[in-house]
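What follows is one structure encoded as structure tokens, with my remarks underneath.
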Amino acid sequence: MKFKKKSGFLKRLVSGTMALAMLLTLAACGDSNQPGANTGNPAASDPASQASDPAVENTGSGSERTTGGSLTLVTSMFNGFFQPKSQTTAMETCWPALESLGYQTDINEPWQPNLAESWDIDYDALTVTLHLKQGITFHNGDPFNADDVVFTLEAPNNYGTQSNIGSPVSVEKVDDYTVVVTYGEFSLNYESWLLPRFMYSKETFDEKGEDWMMNNIMGTGPYKMTEFVPDDHLSYERYDGYWGEPGYVDTYTWRFMQDPTAQVAAFMNGEIGRVAPMNASPVELLRNNGFEPVVAPPITGQQQYIVPITLDPSAPLSNQAVRQAIYQYGVDWDALAQTLGGDMYYHTDAYALTGNPYYTEDLEFTNGADYEKAKQMLADAGYPDGFKTEIYYGTGGQASGSEAIATYVQAELSKIGVTLECVPVDGTVMNAEYWSGKTAKTGMIISGLFFTPIQPLRLNQSNGPTGTQAAVTTWSDETKEIFNKINSAKTQEEQNQLMRDYVTRVVKEESIYWPVYNSATYEFYQDWCHYSDKARIGNAGFDAREIWVDAH
């Protein structure tokens, strides 16, 4: 078997979630590092067996929780808090102050109410009726009501990002505590689109304006913002007027720190409560200094992947047999993952994490490299002497690490006669030109993607015939047909099977998408920082009320 069985706590949480935005899994004492999966690969042991279960390691001595104290967290980005486009920054750093309509900790369990008391879905009428809780106020005393929900849900329409909530046809107030959202077509994802959205104050926006809200938070949560210094820190204190159960920690402070090395140093100095390194070197450094990691449950995750550009029908990579030869036999993907990330990285032939609803081990088909077979397949396809092409990788920001992938793949493909030129491209230019098909007409592109159990959303926006990849990929009619069926599936079971068919076709048969590796998130905690197994909320970050600290 390619993947080992997950521990009980991780198994309960592995599939519970989506990432309408990146970086939801901050866990109890999180930073901006992306969460990953906890399963291993043949070349490296299961990360879950290498580190401790966070439900065990971070509950402190027994079940007693201490009230008071302060907790400092670390983040690598402050981009403003009013995020009508995607709410990404809000979901990363603002969960203590902002709240969602509902939340879900396990995809097999029903959604739980939060700011919404309940909701009714009429699949025939394509409507979701939201019934809001009454008596809730924002931190300035303004009541939370239907006006705030309509304002928040309509905001994406003004920024061209309405697909993040399924592109509703209308959002209408029925009364002060009832909102009806109407869609133009059937979907299984109404709840996943609407319930995780953080709610913002319309009255505050009307009074203060967007510029003010880009640097201030007005929420309904258990903590309120006290100070924000751009590129330095963000502070919260417990809000005594909170409508629900209060938190334990008195104050939170997020420190802005882009340099991963500085983050690790601050943790080792005891300045912050938790750190999650993104590669193997700092993990080993921390281990060597006596810190043992826990594996963050894969509530969301990032996969690095390569897309062959197939726009030019005369180019070698436009030949399906060539792509199959390279992906299936020309690169040892498991060894690549282990070499670049140790036991933090693992390869899977499926899209995204192994915890996705559609995943089965039947989707795994690669098993190391077979260079001789790859060379024979290339010869049979008309390239007995191989060929030359390019591999493009982004530089800066989230593209960090792409160069290592390019270099590794370059070395591997040299063994089968394929010569790669590694071409660095500024990340902004990559998105604007290369992924649009305006610049590169041949070669391969390296990228990374944050995944979500909202399967059609992922394909529509990124890796389907209508997404980002569409501009550099030639799609078969068969693949397009499966894609269209996924969007119109009437049950989760039907959609899961169609996703399996789609992945098999796109990765194995047509080989127009090459998964490279997924990254597990190793979290290191101070011995005085604790959280319960209820702290992680898959669709809205973490529950600040489930965190506590010892005196230190």
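Just so you know, these numbers come straight off a predicted model, no measurement behind them.
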Could you give the distance from [atom1] ([X]) to [atom2] ([Y]), rounded to the nearest 0.5 Å?
| X | Y | atom1 | atom2 | answer |
| --- | --- | --- | --- | --- |
| Trp193 | Ser187 | CH2 | OG | 3.0 Å |
| Phe387 | Leu378 | CZ | CG | 6.0 Å |
| Gln258 | Thr75 | CD | OG1 | 9.5 Å |
| Glu390 | Leu317 | CD | CG | 9.5 Å |

What heavy-atom pair brings [X] and [Y] nearest, and what distance separates the two atoms?
| X | Y | result |
| --- | --- | --- |
| Val322 | Ala381 | CG2-CB, 3.9 Å |
| Ser402 | Ile446 | O-CD1, 3.6 Å |
| Met430 | Ile445 | SD-CG2, 3.8 Å |
| Leu311 | Pro313 | O-CD, 3.3 Å |

Donor-acceptor pair, side chain of [X] and main chain of [Y], under 3.5 angstrom:
| X | Y | value |
| --- | --- | --- |
| Thr474 | Thr310 | yes |
| Gln338 | Tyr345 | no |
| Asn463 | Leu459 | no |
| Ser318 | Asp312 | yes |
| Trp435 | Ala432 | no |
| Gln328 | Gln324 | no |
| Asn189 | Ser192 | no |
| Arg255 | Val74 | no |
| Lys485 | Glu481 | no |
| Arg274 | Phe524 | no |

Evaluate the ring planes of [X] and [Y], with Trp represented by its six-membered ring, and classify them as parallel (under 30°), tilted (30 to 60°) or perpendicular (over 60°).
| X | Y | value |
| --- | --- | --- |
| Trp475 | Tyr502 | parallel |
| Tyr190 | Phe186 | perpendicular |
| Tyr305 | Tyr513 | parallel |

Just checking, is any N or O donor in the side chain of [X] or [Y] under 3.5 Å from an acceptor N or O on the other one?
| X | Y | answer |
| --- | --- | --- |
| Tyr359 | Asn496 | no |
| Thr348 | Glu364 | yes |
| Asp380 | Gln376 | yes |
| Tyr517 | Asp334 | no |

Is a salt bridge present between Arg287 and Asp343, judged by a nitrogen-to-oxygen distance below 4.0 Å? yes
Carboxylate-amine/guanidinium contact Lys490 Glu494, below 4.0 Å: no
Partner residues of Asn431 under the side chain to side chain donor-acceptor pair (under 3.5 Å) criterion, sequence neighbours left out: none
For Glu510, enumerate each residue passing the side chain to side chain donor-acceptor pair (under 3.5 Å) test, keeping only those at least two apart in sequence or located in another chain. Ser476, Thr479, Arg505
Are the ring centres of Phe205 and Trp212 closer than 6.0 Å? no
Validation row, ring centre Tyr329 to ring centre Tyr371 under 6.0 Å: no
Are Asp259 and Gln263 close enough, and set up right, to give a side chain to side chain donor-acceptor pair (under 3.5 Å), and what steps lead you there? CA-CA 6 Å; Asp259 184 0; Gln263 292 185 9; over 6 Å; no
With side-chain contact (heavy atoms from CB on, under 4.5 Å) as the test, would you mind laying out the steps for Gln304 and Ile405 before giving the verdict? CA-CA 9 Å; Gln304 298 293 325; Ile405 297 173; 3.8 Å; yes
Quick one, Tyr327 with Asp349, criterion side chain to side chain donor-acceptor pair (under 3.5 Å). Give me CA distance, side-chain angles, the key distance, then yes/no. CA-CA 10 Å; Tyr327 180 72; Asp349 296 318; 2.7 Å; yes
Of all pairs that satisfy salt bridge (Lys or Arg N to Asp or Glu O under 4.0 Å), the ones with a partner from residues 414-435, not counting sequence neighbours: Glu412-Lys415
